[in-house]
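Both ligands and their constituent atoms are indexed starting at 1 by order of listing.
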Amino acid sequence: TIKGLVFDLDGVITDTAERHFLAWQRIADGLGISIDREWNERLKGISRTESLELILAEAPTLILDAAGKTQLLDEKNAHYLELIAEITAADILPGIPELLEAAKEGGCRMAIASASKNAPIILARLGLSDTFDSVIDPDALTHNKPHPEIFEKAAQALGLRADECIGFEDSLAGIEGIKRAGMPAVAIGIPTFGQWIPDIEVDATRELDLKKIFSQLA
Ligand code: B16
Ligand code: MG
């Protein structure tokens with residue numbers, strides 16, 4: 001039986017995925033690299049440093065030293081922080097407040113498994129700082145998504161086995177991590193899949209219905 005829910009943050013709890021994209025697009029534009037939303041799918045769930053490497057790989061002739069890369073990472077985060085400065089509880093994605101409420105009423109434990117170092121700030125702005133039993137610190141991880149470590153740690157933090165939890169993700173890297181952790185996966189708005197297939201797929205968070213999810217997994 002399911003006793004815990006493990007949520008990705010960006011793109012699942014709130015629409016910061018779009019803001020990450022806009023902040024990266026500005027960095028890429030400055031380097032003469034064009035990225036669109038479809039290309040951006042590969043950055044979802046990927047750490048800040050690895051995201052920059054994927055963008056730079058689009059311009060193989062461009063050589064940057066460590067200081068140049070650090071500057072771009074700082075610029076991206078500064079712009080991203082500007083873009084999230086205004087978020088409030090109204091920016092929680094549709095269907096999520098109801099889902100969190102239903103989970104709480106049902107006695108489910110809940111954790112956040114986000115690659116974002118900005119997760120605590122975002123949760124505070126959304127008024128969700130006290131909603132989750134655990135927020136995994138990405139700085140404490142040895143491996144990033146698609147490695148299962150963050151999902152394994154989230155289940156452990158809830159005192160549960162991975163197969164007693166459900167993982168919610170909007171990224172391919174995240175679905176891979178959830179499945180490799182041995183956790184049932186719910187994919188939200190992911191256009192196409194590769195090797196790792198979620199147990200349940202929805203187009204958007206507004207379609208999430210905890211009762212239905214439980215019955216689909218039973
Ligand atoms: P930051 P998630 C991920 O969050 C985002 O999907 C990804 O686009 C971002 O690069 C990463 O966090 C790092 O974020 O720069 O704020 O540390 O989807 O795992 O909640
Ligand atoms: Mg995400």
Side-chain angles (χ1 to χ4, degrees), residues 5-28 35-57 69-85 87 91-93 96 110-126 128 131-132 134-141 143-154 167-178 180-181 183 185-191 193 196 198 201-205 208:
L5 305 182
V6 176
F7 295 94
D8 176 49
L9 177 63
D10 295 320
V12 171
I13 302 291
T14 185
D15 193 18
T16 37
E18 175 68 11
R19 293 167 167 96
H20 276 295
F21 166 65
L22 294 171
W24 279 127
Q25 196 180 42
R26 188 149 111 175
I27 295 295
I35 61 172
D36 60 17
R37 284 186 177 74
E38 192 191 338
W39 188 92
N40 181 65
E41 282 300 313
R42 76 196 67 189
L43 297 188
K44 289 189 178 172
I46 302 299
S47 74
R48 201 180 302 168
T49 325
E50 288 169 320
S51 299
L52 179 62
E53 292 302 335
L54 287 173
I55 290 170
L56 293 176
K69 288 180 185 179
T70 303
Q71 193 188 327
L72 291 177
L73 292 170
D74 291 347
E75 270 175 37
K76 187 270 175 175
N77 199 51
H79 187 215
Y80 179 67
L81 288 173
E82 273 168 35
L83 294 174
I84 63 169
I87 67 172
D91 293 288
I92 300 173
L93 282 165
I96 294 294
M110 295 191 278
I112 291 285
S114 169
S116 176
K117 298 177 197 291
N118 294 304
I121 305 178
I122 295 169
L123 289 171
R125 297 234 166 97
L126 296 173
L128 294 178
T131 303
F132 299 93
S134 175
V135 178
I136 304 302
D137 175 7
D139 285 330
L141 300 173
H143 306 283
N144 295 319
K145 298 174 190 179
H147 193 281
E149 185 181 9
I150 193 167
F151 299 103
E152 291 163 355
K153 285 224 162 122
F168 295 80
E169 262 285 356
D170 72 322
S171 74
L172 283 172
I175 295 297
E176 176 174 341
I178 294 171
R180 282 169 60 193
M183 201 179 276
V186 177
I188 300 158
I190 305 182
F193 298 95
W196 299 93
E201 272 179 65
V202 297
D203 290 331
T205 52
L208 294 170

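Salt bridge status for Lys145 with Glu169: present, with a side-chain N to carboxylate O gap under 4.0 Å. One finds no salt bridge joining Glu75 and Arg26 here, because no Lys/Arg side-chain nitrogen approaches an Asp/Glu carboxylate oxygen to under 4.0 Å. For the pair Arg37 and Glu18, the salt-bridge criterion is met [side-chain N within less than 4.0 Å of a carboxylate O].
Those atoms of ligand 1 that come under 4.0 Å of a heavy atom in Asn118, given as number and element, are 1 (P), 16 (O). Of all atoms in ligand 1, listed by their number and element, those nearer than 4.0 Å to a heavy atom of Arg48 are 1 (P), 13 (C), 15 (O), 16 (O), 17 (O). Those atoms of ligand 1 that come under 4.0 Å of a heavy atom in Leu43, given as number and element, are 7 (C), 8 (O). Atoms of ligand 1 found under 4.0 Å from any heavy atom of Leu9, numbered from 1 in the order shown, are 20 (O). In summary, the atoms of ligand 1 found under 4.0 Å from a heavy atom of Ser114, numbered by their order in the structure, are 2 (P), 4 (O), 19 (O), 20 (O).
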**Item:** Working for side chain to side chain contact (heavy atoms under 4.5 Å, CB included), residues Leu9 and Phe132
**Value:** CA-CA 12 Å; Leu9 177 63; Phe132 299 93; over 6 Å; no

**Derivation and outcome, side chain to side chain contact (heavy atoms under 4.5 Å, CB included), residues Ile136 and Ile112** = CA-CA 6 Å; Ile136 304 302; Ile112 291 285; over 6 Å; no

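Between Phe7 and Phe168, the ring planes are parallel. Angles under 30° get that label, and only those over 60° would be called perpendicular.
The only option from Thr14, Ile87, Leu128 that meets the side-chain contact (heavy atoms from CB on, under 4.5 Å) definition with Ile92 turns out to be Leu128.
In terms of polar-atom proximity, defined here as any N/O pair under 3.5 Å, Ser116 does make such a contact with ligand 1. Polar contact with ligand 1: absent for Trp24 (N/O pair, distance under 3.5 Å). Of the polar atoms of Ala115, at least one N or O is found under 3.5 Å from an N or O of ligand 1, judged by distance alone. Taking only nitrogen or oxygen atoms, main chain and side chain alike, Lys145 reaches within less than 3.5 Å of ligand 1.
Contacts with ligand 1 closer than 4.0 Å are made by heavy atoms of both the backbone and the side chain of Lys117. Neither the backbone nor the side chain of Val12 has any atom closer than 4.0 Å to an atom of ligand 1 (non-hydrogen atoms only). The proximity of Ser51 to ligand 1, defined as any non-hydrogen pair under 4.0 Å, is limited to the side chain.
A donor-acceptor contact closer than 3.5 angstrom is absent between the side chains of Asn118 and Asp10. Of the N and O atoms on the side chains of His20 and Lys76, at least one donor lies less than 3.5 Å from an acceptor on the other residue.
Side-chain contact between Asp74 and Arg48: absent, with no pair of heavy atoms (C-beta onward) separated by less than 4.5 Å. In this structure the side chain of His79 never reaches within 4.5 angstrom of the side chain of Trp24, judged on heavy atoms.
Scanning all protein heavy atoms for the shortest distance to atom 6 (O) of ligand 1 gives Gly45 N, 2.8 Å. Residue, atom and distance of the protein heavy atom nearest to atom 4 (O) of ligand 1 are Asp10 OD2, 2.6 Å. Atom 18 (O) of ligand 1 has Asp8 OD1, 2.8 Å as its closest protein atom, hydrogens excluded (heavy atom only). Scanning the protein for heavy atoms near atom 9 (C) of ligand 1, the closest one is Ile46 O, 3.3 Å.
In terms of distance to the Mg ion (ligand 2), the nearest N, O or S atom of Asp8 is named OD2.
To the nearest 0.5 Å, atoms OG (Ser116) and OH (Tyr80) are separated by 5.0 Å.
At the Mg ion (ligand 2), the vertex angle linking O of Asp10 with OD1 of Asp170 is 90° (nearest 10 degrees).
Ligand 1 lies out of reach of Glu50, whose nearest heavy atom is not under 4.0 Å from it.
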